[in-house]
Peer 1: 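Next up is a structure, given as structure tokens.
The figures here come from the full heavy-atom set of this structure, side chains too, leaving out hydrogens, waters and symmetry mates. Lettering follows sequence order; numbering is per chain, from 1.
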There are 2 protein chains.
Amino acid sequence: MVIEIDFNSDEALYVQLRNQIVIGIATRSFHEGEALPSVRQLADTIGINMHTVNKAYTVLKQEGFVKVDRRKGAIIAVDIDRLRALEEIKKELQVVLAKGSCTDISKEEVHALIDEIYEDYGGLE
Amino acid sequence: MVIEIDFNSDEALYVQLRNQIVIGIATRSFHEGEALPSVRQLADTIGINMHTVNKAYTVLKQEGFVKVDRRKGAIIAVDIDRLRALEEIKKELQVVLAKGSCTDISKEEVHALIDEIYEDYGGLE
DNA sequence: TCTTCTGTTATATAAAATATAACACAACTA
DNA sequence: TAGTTGTGTTATATTTTATATAACAGAAGA
């Protein structure tokens with residue numbers, strides 16, 4: 001998977017990294033049990049500090065996307081409470097859709113976007 | 001409109017405030033041309049610093065949700081490029097839905113959430 | 001045993017969020 | 001018209017967060 005970081009973005013580097021990896025799991029670029037690159041390797045590839053990658057991995061661990069093993073590194077292991085995730089997602093959607101609604105983006109347009117995105121994510125269904 | 005701030009959240013105060021106001025516009029708690037409370041008044045009501053409210057208003061101005069008048073304060077005036085908004089929303093949805101997909105939340109469940117949220121936002125349609 | 005790979009920890013620096021205080025301008029009021 | 005009060009603005013300081021540098025500790029493999 002190609003991880004792309006935008007250095008001009010106002011989003012923190014470790015947040016961008018976290019997002020890309022979560023998308024990577026959703027698009028099956030990363031599979032359950034697979035190891036992510038080591039913090040040094042990834043930091044080197046991207047051209048950022050090792051500790052920034054480490055922070056992204058720590059967040060992913062806290063959120064339940066990976067398990068970190070001192071020997072093997074960060075292993076994909078999704079363990080998230082469904083109901084809680086559903087609640088969080090609803091809150092996040094409320095914010096995103098509010099902006100959409102203000103801009104006269106219709107419900108149907110949003111549905112279309114969802115379908116578009118799920119073509120990449122939910123390929124097995 | 002009741003603006004609720006979570007002081008335990010890891011989200012910056014001004015971001016929470018910005019989100020609540022955008023949701024307020026979407027739910028028609030605030031209407032085009034209406035003035036938001038003054039920075040001091042709102043800061044006092046919520047119990048945060050005036051400058052934090054000011055930052056939220058500045059962000060809303062940059063994003064095209066309000067116009068700030070030195071005399072009258074912040075006035076709701078939505079002026080956002082639709083195509084650009086659509087792009088941004090898609091990017092944001094990708095991140096939110098990736099998490100959902102990892103948690104086995106189906107496309108149909110997301111559609112249902114969208115409909116639920118749009119009941120509050122798109123009441124005129 | 002030595003080298004090399006992992007993540008971790010400690011510390012320092014840079015950037016961003018929040019707070020305090022003084023300012024400038026306009027509107028209202030007496 | 002002078003004074004008071006309401007706006008947002010600006011300057012500055014403080015606190016918190018993000019990022020960077022360097023040394024560490026444990027495990028794997030030659």
Peer 1: Measure the distance from OH on Tyr14(B) to P on dT15(D) and round it to the nearest whole Å.
Peer 2: 20 Å
Peer 1: Return whichever of Arg71(A) or Arg70(B) has its heavy-atom-nearest nucleotide of DNA chain D closer to the 5' end.
Peer 2: Arg70(B)
Peer 1: Please determine whether a side-chain nitrogen or oxygen atom of Ser38(B) lies at a distance below 4.0 Å from atom OP1 or OP2 of dT7(D).
Peer 2: yes
Peer 1: To the nearest Å, give me how far apart CE (Met50(B)) and P (dA21(C)) are.
Peer 2: 12 Å
Peer 1: Quick check for you: among dT8(C), dA19(C), dT21(D), whose closest atom lies nearest to any side-chain atom of Asn49(A)?
Peer 2: dT21(D)
Peer 1: Are the charged groups of Lys107(A) and Glu119(B) less than 4.0 angstrom apart, N to O?
Peer 2: no
Peer 1: Going by heavy atoms in the side chains, are Tyr57(B) and Ile21(B) under 4.5 Å from each other?
Peer 2: yes
Peer 1: I'd like to know if Glu109(B) and Arg82(A) make a salt bridge, using a cut-off of under 4.0 Å between side-chain N and carboxylate O.
Peer 2: yes
Peer 1: For dC5(C) and Gln41(A) - does any side-chain N or O of the residue sit under 4.0 Å from the phosphate oxygens OP1/OP2?
Peer 2: no
Peer 1: May I ask you to evaluate whether Thr52(A) reaches the phosphate of dA18(D), defined as a side-chain N or O under 4.0 Å from OP1 or OP2?
Peer 2: no
Peer 1: What's the CG-C1' distance between Asp69(A) and dA28(D), to the nearest Å?
Peer 2: 12 Å
Peer 1: Expressed in angstrom and rounded to an integer, what is the separation of Gln16(A) atom CD from dA18(D) atom P?
Peer 2: 13 Å
Peer 1: Charged N to carboxylate O under 4.0 angstrom, Lys99(B) versus Glu63(A)?
Peer 2: no
Peer 1: Rounded to whole angstrom units, what separation is found between the CG atom of Asp44(B) and the P atom of dG8(D)?
Peer 2: 14 Å
Peer 1: Distance check: side-chain N/O of Lys55(A) vs OP1/OP2 of dT19(D), anything under 4.0 Å?
Peer 2: no
Peer 1: Ignoring the backbone of Ile48(B), work out which of dT8(C), dA19(C), dT9(D) is nearest its side chain.
Peer 2: dA19(C)
Peer 1: With respect to the side chain of Val39(B), which nucleotide from dT9(C), dG8(D), dT19(D) is positioned closest?
Peer 2: dG8(D)
Peer 1: What nucleotide among dT8(C), dT9(D), dT19(D) has an atom nearest to a side-chain atom of Ala12(A)?
Peer 2: dT19(D)
Peer 1: Expressed in angstrom and rounded to an integer, what is the separation of Ile46(B) atom CD1 from dA19(C) atom P?
Peer 2: 11 Å
Peer 1: Nearest of dA19(C), dT9(C), dT19(D) to any side-chain atom of His51(B)?
Peer 2: dA19(C)
Peer 1: Write down the distance between CD (Glu11(A)) and C1' (dA15(C)), rounded to a whole number of angstrom.
Peer 2: 16 Å
Peer 1: Which atom pair, heavy atoms only, marks the closest approach of Ala56(B) to Arg18(B)?
Peer 2: CB-N, 4.3 Å
Peer 1: Going by modelled atom types, is there a donor-acceptor pair between the base of dG6(D) and the side chain of Arg40(B) at under 3.5 Å?
Peer 2: no
Peer 1: Between atom CZ in Arg18(A) and atom P in dT17(D), what is the gap in whole Å?
Peer 2: 19 Å
